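None of these values were measured; they are calculated from a predicted model.
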Amino acid sequence: MALAVAVLHVALVLLDKWGGEAAHEHHENGGALGLALLGARLLLFAWFTKEISDLQAGAGLQLQAFLRRFQVAASAYLLAYPALLLVVQAFAPYLRHPLLQVGLLAAQTACALWLAGLFLSKGRYYELSDMSSSVLPGSGGRAAAADPPPVAGQGSSLRRRG
């Protein structure tokens, strides 16, 4: 996979250098390079969709529910560039790049916050992962349930003073 990414990167750089600077382009992602970037992002989305579907097929019901929410948030992140690229075509060429950059910043920030909420809040992912269990004895977590609580009077160094 790393080799494929390296080859794609080299191909995009060569395409950019080969195209040179054109007077009719208002930013570096126009023309053939922009189409190649759009194609690469759509391929990444297709690959992600295939892999998440394969993961959902072998998962339990609770994990499937989480994966559906993750798929929606991650798909919004991956499709932000192609969607905004289509939307900014309605504007004048000199406005497209600034609108695309501001729109990407807003969309990717919103998606990053959404994904952070999925993974860092005490929701479905928290319940399914080991984050909800504690290694401390007596905490009631899954790890603590494996160790029996200490029996009073056996090896306890704390004594009651009278």
Side-chain angles (χ1 to χ4, degrees), residues 1-17 19 25-146:
M1 185 61 197
L3 181 63
V5 171
V7 168
L8 177 64
H9 178 73
V10 169
L12 290 174
V13 169
L14 289 176
L15 184 62
D16 183 41
K17 298 300 180 191
E25 289 184 7
H26 295 280
H27 56 87
E28 66 276 0
N29 292 340
L33 180 64
L35 291 175
L37 286 171
L38 177 66
R41 289 177 188 255
L42 290 174
L43 282 174
L44 282 172
F45 173 70
W47 182 35
F48 169 75
T49 303
K50 179 203 169 296
E51 294 299 323
I52 199 85
S53 296
D54 292 347
L55 187 59
Q56 283 177 335
L61 291 176
Q62 287 186 336
L63 184 58
Q64 283 180 359
F66 169 76
L67 289 174
R68 277 191 297 275
R69 295 168 78 193
F70 172 67
Q71 183 178 12
V72 171
S75 295
Y77 182 87
L78 291 170
L79 292 175
Y81 180 81
L84 284 170
L85 193 61
L86 290 175
V87 169
V88 299
Q89 298 306 312
F91 295 94
Y94 68 92
L95 290 175
R96 290 177 187 161
H97 186 65
L99 289 173
L100 180 66
Q101 295 302 315
V102 169
L104 275 176
L105 178 65
Q108 289 179 346
T109 300
C111 289
L113 291 172
W114 188 3
L115 287 167
L118 276 176
F119 286 104
L120 300 177
S121 68
K122 290 189 176 184
R124 180 79 57 185
Y125 180 75
Y126 180 81
E127 293 169 4
L128 292 171
S129 70
D130 288 336
M131 290 172 56
S132 63
S133 64
S134 174
V135 295
L136 299 174
S139 65
R142 283 183 278 183

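Two residues are said to be in side-chain contact when any heavy atoms from C-beta on lie closer than 4.5 Å; Thr49 and Gln71 meet this criterion. Looking only at side-chain heavy atoms (C-beta outward), Pro93 and Arg96 come within less than 4.5 Å of each other. Taking 4.5 Å as the limit, every side-chain heavy atom of Leu99 sits out of range of all side-chain heavy atoms of Leu84.
Both tests pass for Arg41 against the ring of Tyr81: distance under 6.0 Å to the centre and angle within 45° of the axis.
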**Prompt:** Step by step, would you call Phe119 with Phe66 a ring-ring contact (aromatic ring centres under 6.0 Å, His included)?
**Reply:** CA-CA 10 Å; Phe119 286 104; Phe66 169 76; 5.5 Å; yes
**Verdict with supporting geometry, Leu120 and Leu115, side chain to side chain contact (heavy atoms under 4.5 Å, CB included)** = CA-CA 8 Å; Leu120 300 177; Leu115 287 167; over 6 Å; no
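The shortest heavy-atom contact between Pro82 and Leu42 is CG-CD2, 3.9 Å. What you find for Ala73 and Cys111 is that their closest heavy atoms are O-SG, 4.1 Å. Minimum heavy-atom separation, Ala74 to Phe48: CB-CZ, 3.4 Å. Between Leu85 and Leu100, the shortest heavy-atom contact is N-CD1, 3.9 Å.
The distance from atom CZ of Phe70 to atom CD of Gln56, rounded to the nearest 0.5 Å, is 10.5 Å. From Ile52, atom CD1 reaches atom CH2 of Trp47 across 12.5 Å, with rounding to the nearest 0.5 Å.
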